[in-house]
Amino acid sequence: RMQVQRVVLNSRPGNNGAPVPENFRLEDTTLAADLSDGEVLVRTLYLSVDPYMRCRMNEDTGADYLTPWQLSKCLDGGGVGVVESSHCSSYAVGDVVTSFNWPWQTHAVMKGSVLQKVNPQLVDGHLSYFLGAVGMTGLTALLGVRERGHVTKGANHTMVVSGAAGACGSIAGQIGKMDGCVRVVGICGSDEKCRALVEDLDFSAAINYRQEDVPARLKECCPDGVDVYFDNVGGVTSDTVISQMNSGSHVILCGQISQYNKDVPYPPPLTVETQEVLQRKNITRERFVVLNHMSKADAALCELSQCVKSGQIKVLETVVNGIGNMGEAFCSMMKGGNIGKQVIKISE
Ligand SMILES: NC(=O)c1ccc[n+]([C@@H]2O[C@H](COP(=O)([O-])OP(=O)(O)OC[C@H]3O[C@@H](n4cnc5c(N)ncnc54)[C@H](OP(=O)(O)O)[C@@H]3O)[C@@H](O)[C@H]2O)c1
């Protein structure tokens, strides 16, 4: 038997409420160390916290592809770790593996069938990148832009990204530049984030939506209007961006985090004014869900790996230590405490 720690759901956030660290509880438990056929024992290295988890905290997630987390049960999400013993022919001791359903636990017994083996060389040994730039959030950015953005080299496109200093947004803007946008403008929640976007990631400009006059600054930063909008946030910010979009332009509907603490279905309804703008200007705004494009994942991950290694894509991360800080890290990310991908380091 092995002593492990895990995080369970202690309570659900109140109606229309922001999550709080008290919604999570750390527990000591034991693992039976003997493995059945097809099982592996893994040691957790890094865990991911992501906005969609807010929906899993509700009894009804509001999305058909998301199951609710259960009270007092171990939570799960994206994770990366290393195989410590194996009764599954596909995995050997020392293999680095990932899963979308990794338990929030320091060690875990998992079925080989829910794991993917990954090559540490793809990330130059920086294994947390498998949860971010060379994982789900990188894929979301790359495939979102390619499948919905209609970015065309030589067309002088201007891209706007909201949630721009976050995991998906920071990569999406860099892909927009790489694919030929002449101007990429980020919208985010602090001056420090604005500086990182412009100085470190080469965004053309950045707007702090908490401090600045967003409509006026957008006009200034996007003199030729907006051709592509990578939308992570929804709400008032998105209404403003959409009102400045060109005819025949495209919204990449990636997420709507400004509405996730509210009891509304996804995607949340638009205002009548914004619906009218979309129609009048013939702007596309088709829902994008990365999980529906996984046939393109392998090629996309290869491309992301190469771009990260070459430095063409720069990676920002916010790393917190210790399984006891999972709940706090999640709540912090939901309030904008992160720059780049929020990950939690569980062990060396
Ligand atoms: N479609 C898909 O398949 C898919 C896959 C992955 C993620 N997503 C979506 O992509 C979006 C970003 O996810 P991520 O994992 O990259 O998270 P993230 O952007 O790294 O973190 C969330 C960020 O959202 C911002 N935020 C929080 N409340 C906000 C509000 N009321 N208004 C504006 N911004 C707010 C905060 O930054 P500020 O400081 O700027 O406020 C925070 O840092 C989310 O909407 C998520 O649901 C979609």
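Atoms within each ligand, like the ligands themselves, are counted from 1 in listed order.
- Of the N and O atoms on the side chains of Asp224 and Thr158, not one donor lies less than 3.5 Å from an acceptor on the other residue.
- Comparing Lys335, Arg287, Met333 against atom 23 (C) of ligand 1, the shortest heavy-atom distance belongs to Met333.
- Contacts of Met334 with ligand 1, taken as heavy-atom pairs under 4.0 Å, involve the backbone alone.
- Taking the salt bridge (charged side-chain N to carboxylate O under 4.0 Å, His left out) definition, one finds that Lys117 meets it with Asp95, sequence neighbours left out.
- When only non-hydrogen protein atoms are considered, atom 10 (O) of ligand 1 lies nearest to Asn232 OD1, 3.2 Å.
- Among protein heavy atoms, the minimum distance from atom 25 (C) of ligand 1 is reached at Ile257 CG2, 4.1 Å.
- Side-chain contact check for Tyr229 and Asp231: at least one donor-acceptor pair (N or O, by modelled atom type) lies under 3.5 Å.
- Side chains of Lys341 and Ser48: a donor-acceptor N/O pair is present below 3.5 angstrom, by distance only.
- At a 4.0 Å heavy-atom cut-off, ligand 1 touches Lys193 through the side chain alone.
- Put simply, no part of Gly144 is less than 4.0 Å from ligand 1, judged by heavy atoms.
- Remark: among candidates Ser48, Pro51, Ser238, the nearest residue to atom 13 (O) of ligand 1 is Pro51, based on non-hydrogen atoms.
- What sits closest to atom 47 (O) of ligand 1 on the protein, heavy atoms only, is Tyr260 OH, 2.7 Å.
- The proximity of Cys254 to ligand 1, defined as any non-hydrogen pair under 4.0 Å, involves the side chain as well as the backbone.
- In terms of protein heavy-atom proximity, atom 3 (O) of ligand 1 is nearest to Val290 N, 2.8 Å.
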Hey, can you pull the donor-acceptor pairs under 3.5 Å for the side chains in residues 104-116, sequence neighbours left out?
{"unit_1": "Gln105", "atom_1": "NE2", "unit_2": "His107", "atom_2": "O", "d": "3.0"}
{"unit_1": "Thr106", "atom_1": "OG1", "unit_2": "Gln5", "atom_2": "N", "d": "3.1"}
{"unit_1": "His107", "atom_1": "NE2", "unit_2": "Glu84", "atom_2": "OE1", "d": "3.0"}
{"unit_1": "Gln116", "atom_1": "OE1", "unit_2": "Thr98", "atom_2": "OG1", "d": "3.3"}

- Task: Report the C-alpha separation of Glu220 and Arg217 in whole Å, then their side-chain angles, then the decisive distance to 0.1 Å, and conclude whether the salt bridge (charged side-chain N to carboxylate O under 4.0 Å, His left out) test is met.
- Result: CA-CA 5 Å; Glu220 207 175 282; Arg217 286 280 288 131; 3.0 Å; yes
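- Atom 33 (C) of ligand 1 has its closest protein heavy atom at Tyr209 OH, 3.3 Å.
- When Cys168, Gly255, Gly169 are checked for heavy-atom proximity to atom 7 (C) of ligand 1, Cys168 turns out nearest.
- The closest protein non-hydrogen atom to atom 1 (N) of ligand 1 is Phe288 O, 2.8 Å.
- Atom 40 (O) of ligand 1 has as its closest protein heavy atom Gly189 N, 2.9 Å.
- Across every non-hydrogen atom of Lys281 and Ser243, the tightest pair is NZ-O, 3.5 Å.
- The nearest protein atom to atom 36 (C) of ligand 1, hydrogens excluded, is given as Gly336 CA, 3.4 Å; this is a heavy-atom distance.
- Under a 4.0 Å heavy-atom criterion, Met136 is not in contact with ligand 1.
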